[in-house]
Amino acid sequence: MKRAWWKESVVYQIYPRSFCDSNGDGIGDLKGITSRMDYLQKLGINVIWMSPVYKSPNDDNGYDIADYQAIMDEFGTMEDFDELLLEAHQRGIRIVMDLVVNHTSDEHAWFVESRSSRENAKRDYYIWREAKDGREPNNWGSCFSGSAWEWDETTQMYYLHCFSKKQPDLNWDNPEVRDRVFEMMTWWCEKGIDGFRMDVISMISKPEGLPDGTVAEGALYAGSGMTCNGPHVHEYLQEMNRRVLSRYDIMTVGETAGVTVEEAKKYANAEGTELNMVFQFEHVGLDGGAVDKWSRNKIYLPALKENLTKWQRELAGVAWNSIFFSNHDQPRVVSRLGDESPRSAKCIATMLHMMQGTPYVYQGEELGMTNCPFGPIENYRDIESINAYRELTEAGLREPQELLSCIAYKSRDNARTPMQWDGSPNAGFTSGTPWIMVNPNYREINAEKELADPDSVFYYYQKLIGLRRRSEWSDLIVYGDYELLLPEHEAVYAYTRSLDGRRLLVLCNLSAQETQAKLPAELAGGPKAVLIANTEKAPRLGETVTLEKWQCAVYEI
Ligand code: GLC
Ligand code: CA
């Protein structure tokens, strides 16, 4: 296994809109982020991935970019960005930018030109098609409800948008589009940024002829599967790697919707011809419904173990994993896998952070921030939730109250409520009116309180991060082989990590009941050390181990 700094890193994701507001307009901004740099340094992370900060009309909170080389007005200026970069670098923290190039905003100059006439030089920058029998060219649905095609009156053709109609898809088969994107990436690299998180990068190559997909029962359109891992995606990423990525010491992570293990081995291949690693989504799909994500299902632990173990085992030595359960598109993990208690937050964190791969912490996760009781649909801001509610209830496919309870459980907005800094009004996020409601539990859960409590979730994350980044076990945690124990156990996630004759044992009771687990004899002896535990005393090892509810510990055996 080759060493690399990005394998030895811990990444912290910031959703700038909700992190910290410096000027009282209710919207987080770059100066706000810079003002919290000491907090992040204290946590111990060494990479920040910022969700998009570019100029955008915010149809999808910045994932609709109108100018890749300008900062969103609400977030500040390019000077603010340069200052943020400098302040981060001075603390040994690297900055990874969100790269959204499957699509642009419809307000991007390229699209404004492209839609102006059929003959425009930039017409072919996007994906335009004639109507078919007076209708959309195919049956693809947008990820945000409705058809993936929008009729354009001026030029009497449809354009493709896999997301909102204000997010037209770029045509990557056009070499000029690739030139423009690579130039823009080079510009950011020259500025000194440290990497890219690539938004839905698995969707950039559309299948030849844009054929119809299958429409699941209970759905209105074909799902986005048709657009994932298309025929030229690896070719285009290899070109990007040759022309941009390989020229800089940066890290790259692809958001690869629909990725399989086989595909991930190509995207994140150890030869380094494409990306460093990818985000896969199978594990966060385990509680989905039959048709879509809107369900209140709970993840069945043996299924989770089987899935994560497959990724651990299959990518070992040939690619590299990203480890995460939380981001700006997922509900809060402590409400999803845990019971919202600090102890469950620590247990889940341990289960993830001791695996092989680069861990990602999403803002507020390190405090144990929970889902938010939004109430009526009017309190949501997310285009995905709002559109799904409207479309599915209007079509009579879902009953409003039942769907609303699923949205409460799964909405992306759960991750987007303001960061809870302290117990003052609006959780110390803003002195104005926040753009989205603050979770009412901010007086119990906030950074100020946790920084004053040595037993807090914050300090537990700090310790986990420290173990991985600088401790006598670092190599073992970063590079060790993973092996699952007790695959069938419905409450305990147990595994070992081994390297050069040293071995760690990770035990996590992911349930709200006390439970027992039988260990193989060679692991049952007295441990050499306890690295971390979320109770005062770690469970006593023996052939049968008793774990309290949500109890976890890591041992050197
Ligand atoms: C990715 C982003 C998500 C966004 C979508 C469209 O999935 O993570 O937030 O809505 O792409 O850009
Ligand atoms: Ca602001």
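Atoms within each ligand, like the ligands themselves, are counted from 1 in listed order. Heavy-atom basis, side chains included; hydrogens, waters and symmetry copies ignored.
- Ionic pairing of Arg178 and Asp173 is not present here: no N-O contact between side-chain nitrogen and carboxylate oxygen is shorter than 4.0 angstrom.
- Near Phe144, with a cut-off below 4.0 Å to any heavy atom, the atoms of ligand 1 are 10 (O).
- Taking 3.0 Å as the criterion, Glu74 does not count as a coordinating residue of the Ca ion (ligand 2), since none of its N, O or S atoms falls below it.
- Within ligand 1, the atoms closer than 4.0 Å to a non-hydrogen atom of Arg412 are 3 (C), 4 (C), 9 (O), 10 (O), numbered from 1 in the order shown.
- Taking every non-hydrogen atom of Tyr63 and a distance limit under 4.0 Å, the qualifying atoms of ligand 1 come out as 2 (C), 4 (C), 9 (O), 12 (O).
- Contact annotation: Asn23 places an N, O or S atom under 3.0 Å from the Ca ion (ligand 2).
- Take the Ca ion (ligand 2) as the corner point: the lines to OD2 of Asp29 and to OD1 of Asp21 open at 90°, to the nearest 10 degrees.
- Regarding atom 4 (C) of ligand 1, its nearest protein heavy-atom neighbour is Asp60 OD2, 3.3 Å.
- Of all N, O or S atoms in Asp25, the one lying closest to the Ca ion (ligand 2) is OD1.
- Look at Arg398 and Asp292 and you find a salt bridge, because one of the NZ, NE, NH1 or NH2 atoms lies within 4.0 Å of a carboxylate O, short of that distance.
- Those atoms of ligand 1 with a heavy atom of His328 less than 4.0 angstrom away are 2 (C), 3 (C), 8 (O), 9 (O).
- Using a 4.0 Å cut-off between heavy atoms, Met203 makes no contact with ligand 1 at all.
- In terms of protein heavy atoms, atom 7 (O) of ligand 1 is closest to Glu255 OE2, 2.8 Å.
- Of all atoms in ligand 1, listed by their number and element, those nearer than 4.0 Å to a heavy atom of His103 are 6 (C), 12 (O).
- Residues Arg91 and Asp38 are paired through a salt bridge, judged by an N-O separation under 4.0 Å between the basic side chain and the carboxylate.
- For the residue pair Glu113/Tyr126, the side-chain donor-acceptor check at 3.5 Å is not satisfied.
- Looking at Lys293 and Asp287, no side-chain N of the basic residue comes within less than 4.0 Å of a carboxylate O on the acidic one, giving no salt bridge.
- Inclusion of Gly32 in the first shell of the Ca ion (ligand 2) is not supported: no N, O or S atom falls under 3.0 Å.
- Using a 4.0 Å cut-off between charged nitrogen and carboxylate oxygen, Arg197 and Glu255 count as a salt-bridge pair.
- Taking each heavy atom of Val100 and Asp199 in turn, the nearest pair found is CG1-OD2, 3.4 Å.
- Judged by the shortest distance from any of its heavy atoms, Met198 lies outside the 4.0 Å radius around the atoms of ligand 1.
- Annotation: Tyr68 is in aromatic contact with His108 [ring centroid separation under 6.0 Å].
- Residues Asp73 and Lys55 share a closest heavy-atom pair of OD2-NZ, 4.1 Å.
- Of all heavy-atom pairs between Asp64 and Asp59, the closest is OD2-N, 2.6 Å.
- Salt bridge annotation for Lys410-Asp329: absent, with no cationic side-chain nitrogen under 4.0 angstrom from a carboxylate oxygen.
- Protein heavy atom in closest approach to atom 5 (C) of ligand 1: Phe163 CE2, 3.7 Å.
- With hydrogens left out, the protein atom closest to atom 2 (C) of ligand 1 is Asp199 OD1, 3.0 Å, a heavy atom.
- Annotation: atom 8 (O) of ligand 1 to nearest protein heavy atom, Asp329 OD2, 2.5 Å.
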